[in-house]
Amino acid sequence: MIFYRQKIKDLILIKSEPYTDRRGLFRRVFCSNELKVKKINFKIKQVNISENKDTQTLRGFHYQKFPHSEDKIISCIQGEIHNIVIDMRADSRTYKKWQSFRLSEKNRLGLLVPKGCANAYLTLKKKTWVLYFHSQFYKPGYEKGIRYNDPKFNFDWPKKIKVISKKDNSIKFI
C-alpha cells in the first residue's frame, strides 16, 4: 500500500499494489501493520457497503460529532464515484476547505477520511458499490451533515444530482 498525504491534514489517498497472475488480481484494502508504520492509528469497529443502483446518486455529506467522531477508509469496489471531503475541524488550518477525488474499481484507490471531516460522493456509473471501514460505531444523534449544494462551499459536482435521500436533501445551509 502506498499512502499519499493531501492538503487537508490527515486526509490520505491510498493506492493498493495489486498482485496479478493468471487467476486474476489480489489486493490489500486494509492492513493495520502498514498503517502503523506510517503512524496512522486506525482500529476497525464497523464495516459497511453502500450499494447504489443508479448513476448520479448522491450520499452525504456526513460525519459524526465528538465523542463519537470517526475515521473512515472508503473504497469504490464496483463502478465509479466523485468523492468530496470537507474539513470541519475548527482548529484546522484547512477548516471549511474541501478536496475532491475520483475513486473507481479501475483505479483501485482508497481514501482515509479523518475525524471531523465530512464526506460525500456522487455515483458516476450504475451499480456502484462503496466499501467503508469505520473506526467508531455509528451513533444516532451524533451525525452531522453539510448540504451538497451549500453556496458557502461552491462544490464542483461533475454531473447533475438525480437521486438523493430526503434526509440529505433537507440538511440546512451553514
Side-chain angles (χ1 to χ4, degrees), residues 6-14 29 44-92 94-174:
Q6 302 299 302
K7 69 180 180 182
I8 293 176
K9 185 178 191 278
D10 299 324
L11 177 62
I12 301 170
L13 191 65
I14 302 169
V29 294
I44 297 172
K45 299 270 180 96
Q46 189 170 313
V47 178
N48 298 314
I49 294 178
S50 169
E51 298 180 20
N52 303 277
K53 296 184 295 185
D54 297 316
T55 186
Q56 295 163 263
T57 297
L58 182 87
R59 292 191 186 251
F61 287 90
H62 305 143
Y63 65 109
Q64 287 195 160
K65 299 184 292 187
F66 181 83
H68 300 288
S69 305
E70 63 179 348
D71 297 308
K72 298 179 212 175
I73 296 177
I74 301 167
S75 296
C76 182
I77 56 174
Q78 180 174 300
E80 185 173 11
I81 61 173
H82 180 81
N83 196 97
I84 299 179
V85 178
I86 313 168
D87 189 345
M88 295 307 297
R89 300 167 293 186
D91 61 343
S92 172
T94 55
Y95 178 55
K96 292 190 178 177
K97 301 287 187 219
W98 59 271
Q99 272 187 271
S100 63
F101 302 88
R102 191 67 54 102
L103 304 179
S104 72
E105 66 183 289
K106 288 185 179 178
N107 69 21
R108 299 181 181 97
L109 295 172
L111 199 56
L112 191 156
V113 178
K115 291 176 178 75
C117 289
N119 191 78
Y121 66 82
L122 180 67
T123 62
L124 301 176
K125 293 188 176 181
K126 288 184 175 192
K127 297 180 184 174
T128 293
W129 292 17
V130 179
L131 174 68
Y132 300 80
F133 296 99
H134 300 265
S135 68
Q136 191 59 261
F137 296 109
Y138 174 71
K139 294 286 186 183
Y142 287 87
E143 184 177 40
K144 289 200 60 143
I146 306 293
R147 186 149 170 121
Y148 72 95
N149 61 351
D150 193 315
K152 287 191 165 95
F153 294 100
N154 195 28
F155 299 119
D156 184 21
W157 296 108
K159 294 187 176 193
K160 184 180 178 199
I161 292 153
K162 290 185 177 176
V163 181
I164 185 171
S165 71
K166 287 181 184 177
K167 178 180 170 184
D168 288 346
N169 206 28
S170 66
I171 295 172
K172 304 290 183 221
F173 293 126
I174 291 181

ask   = Could you give the distance from NZ (Lys53) to CH2 (Trp129), rounded to the nearest 0.5 Å?
value = 13.5 Å

task = For the pair Asp87 and Arg89, evaluate salt bridge (Lys or Arg N to Asp or Glu O under 4.0 Å) and give the outcome as yes or no after the intermediate values.
result = CA-CA 6 Å; Asp87 189 345; Arg89 300 167 293 186; 2.8 Å; yes

Min side-chain heavy-atom separation Asp71-Lys115 under 4.5 Å = yes

CD-OG1 distance between Gln78 and Thr128, expressed to the nearest 0.5 angstrom = 7.0 Å

inquiry  = Using side-chain contact (heavy atoms from CB on, under 4.5 Å), reason through Phe173 and Asn149 one step at a time and then give a plain yes or no.
reply    = CA-CA 8 Å; Phe173 293 126; Asn149 61 351; 3.3 Å; yes

key: Student check: side-chain heavy atoms of Leu111 and Tyr121 closer than 4.5 Å   = no

ask   = With distance as the sole test, does Trp157 use its side chain to make a donor-acceptor pair with the main-chain N or O of Leu122 at under 3.5 Å?
value = no

query = Distance from Ile73 atom CD1 to Ile44 atom CD1, nearest 0.5 Å?
reply = 6.5 Å

ask   = Does a donor on one side chain and an acceptor on the other come within less than 3.5 Å for His68 and Gln136?
value = no

task = Report yes if some heavy atom in the side chain of Arg147 is under 4.5 Å from a heavy atom in the side chain of Asn169; otherwise report no.
result = yes

note = Shortest non-hydrogen pair, Cys117 vs Tyr63, comes out as O-CB, 3.3 Å

request  = Calculate, to the nearest 0.5 Å, the distance between atoms OG1 and NZ belonging to Thr57 and Lys159 respectively.
outcome  = 11.5 Å

ask   = Closest heavy-atom contact between Ile8 and Gln99?
value = N-OE1, 3.2 Å

inquiry  = Quick one, Asp54 and Lys162 - any side-chain contact, counting heavy atoms below 4.5 Å?
reply    = no

task = Answer yes if the side chains of Ser50 and Asn52 hold a donor-acceptor pair under 3.5 Å, and no otherwise.
result = yes

query = Among pairs that include at least one residue of residues 127-146, which meet salt bridge (Lys or Arg N to Asp or Glu O under 4.0 Å), considering only residues two or more places apart or in two chains?
reply = Glu143-Lys167

key: Expected output: side-chain Glu70 to main-chain Ser135 donor-acceptor under 3.5 Å   = no

Where Arg102 and Asn107 come nearest, the two heavy atoms and their spacing = O-ND2, 2.9 Å

ask   = Which value, rounded to the nearest 0.5 Å, describes the distance between Leu58 atom CG and Gln56 atom CD?
value = 11.0 Å

Side chain Asn119, main chain His62, donor-acceptor under 3.5 Å = no

Interatomic spacing from CD1 in Ile86 to CG in Asp150 - rounded to 0.5 Å = 8.0 Å

remark   = Tested for side-chain contact (heavy atoms from CB on, under 4.5 Å) against Cys76, the lone hit among Leu109, Thr123, Leu103 is Leu103

query = Would the number of heavy atoms belonging to other residues, nucleotides or ligands and lying under 6.0 Å from CZ of Phe66 be above 12?
reply = no

Smallest separation among heavy atoms of Ile146 and Ile174, with atom names = CD1-CD1, 3.5 Å

message = Restricting to non-hydrogen atoms, name the atom on Lys7 and the atom on Thr94 that form the minimum distance, rounded to 0.1 Å.
response = O-CG2, 3.6 Å

query = If you take all heavy atoms of Lys9 and Pro114, which pair is closest and at what distance?
reply = O-CG, 3.6 Å

query = With distance as the sole test, does His134 use its side chain to make a donor-acceptor pair with the main-chain N or O of Asn48 at under 3.5 Å?
reply = no

inquiry  = Looking at Tyr132, I'd like to know if its OH atom is crowded, meaning that more than 12 non-hydrogen atoms belonging to other residues, nucleotides or ligands lie closer than 6.0 Å.
reply    = yes

inquiry  = Is the distance from the ring center of Phe61 to that of Phe155 below 6.0 Å?
reply    = yes

query = So, Ser104 side chain and Lys106 main chain: donor-acceptor pair closer than 3.5 Å or not?
reply = yes

